Amino acid sequence: MDRVDWAEIVEIGLGEGPGREYWRHLMATYTPNFPGSNTIVEESWLEGRAKGKEEGKAEGKAEGKEEGKAEGKAEDVLHILDVRGIEISDSVRERITGCTDLDVLGTWLDRSLSAERAEELFVEE
């Protein structure tokens, strides 16, 4: 629930009368004081922000590791084909380097050891 929702709920809860009018005046002139006011709102906001940053870092790190593994396997497939003297067309190279599925790349890596042509990597079993 954001501040606007909370303010509206409080206003409705106050009903009719001077309390509601005072609340409306406060909300119309409200200016947040944080950072630096050490209010519960500020603390909650800062905690949420820090938690979000940490979760984002962890998620990004995990994604980066997976991408790195995929890139490494793709490079290995291409290297094996190259060392074996197998011609690699641009379309095959793009398909291999564009793949992010580690299982598929593992299959292609295995096939690269015995394939006669690069296109044989993609044959469905």
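Start at 1 with the first residue, then count along the sequence. Since this is a predicted model, take the numbers as computed values, not measurements.
- Applying the ring-ring contact (aromatic ring centres under 6.0 Å, His included) test to residues at least two apart or on different chains, the pairs with a partner in residues 86-109 are Trp108-Phe122.
- Here the CG-CD distance, from Leu105 to Glu75, works out to 11.0 Å after rounding to the nearest 0.5 Å.
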TODO: Take Thr97 and Leu78 through the test side-chain contact (heavy atoms from CB on, under 4.5 Å) and record every step on the way to the result.
DONE: CA-CA 9 Å; Thr97 58; Leu78 294 172; 3.7 Å; yes
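- The hydrophobic cluster analysis finds Ile12 isolated: no Ile, Leu, Val, Met, Phe, Trp or Tyr side chain comes under 4.5 Å of it, directly or through other members.
- Rounded to the nearest 0.5 angstrom, Ile88 CD1 and Arg95 CZ are separated by 14.5 Å.
- Interatomic distance, CG of Leu81 versus CG of Asp76, reported as 11.0 Å (0.5 Å rounding).
- The minimum heavy-atom distance linking Ser112 with Leu121 is given by the pair N-CD2, 3.4 Å.
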TODO: Evaluate side-chain contact (heavy atoms from CB on, under 4.5 Å) for Val92 paired with Glu119, printing each intermediate quantity in order.
DONE: CA-CA 7 Å; Val92 167; Glu119 291 77 9; 3.7 Å; yes
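- Glu66 pairs by the salt bridge (charged side-chain N to carboxylate O under 4.0 Å, His left out) definition with Lys69, not counting sequence neighbours.
- For residues 52-79, no pair satisfies ring-ring contact (aromatic ring centres under 6.0 Å, His included), with sequence neighbours left out.
- Under the side chain to side chain contact (heavy atoms under 4.5 Å, CB included) criterion, Leu14 pairs with Val10, Arg20, Trp23, sequence neighbours left out.
- Here Ser89 pairs with Ser91 under the side-chain hydrogen bond (donor to acceptor under 3.5 Å, both in side chains) rule; sequence neighbours left out.
- Considering only residues two or more places apart in sequence or on other chains, Asp101 meets the side chain to side chain contact (heavy atoms under 4.5 Å, CB included) condition with Cys99, Asp103, Val104.
- The minimum heavy-atom distance between Val123 and Arg111, with the atom names listed, is O-NH1, 2.7 Å.
- Residues that satisfy the salt bridge (charged side-chain N to carboxylate O under 4.0 Å, His left out) test with Arg84, not counting sequence neighbours, are absent from this structure.
- Placement of Leu113 and Leu109 within a single hydrophobic cluster is found when ILVMFWY residues are connected by side-chain heavy-atom separations under 4.5 Å, directly or transitively.
- Under the side-chain hydrogen bond (donor to acceptor under 3.5 Å, both in side chains) criterion, Glu59 pairs with no residue at all, not counting sequence neighbours.
- Scored by the side chain to side chain contact (heavy atoms under 4.5 Å, CB included) test, Glu21 finds Arg24 as partners (sequence neighbours excluded).
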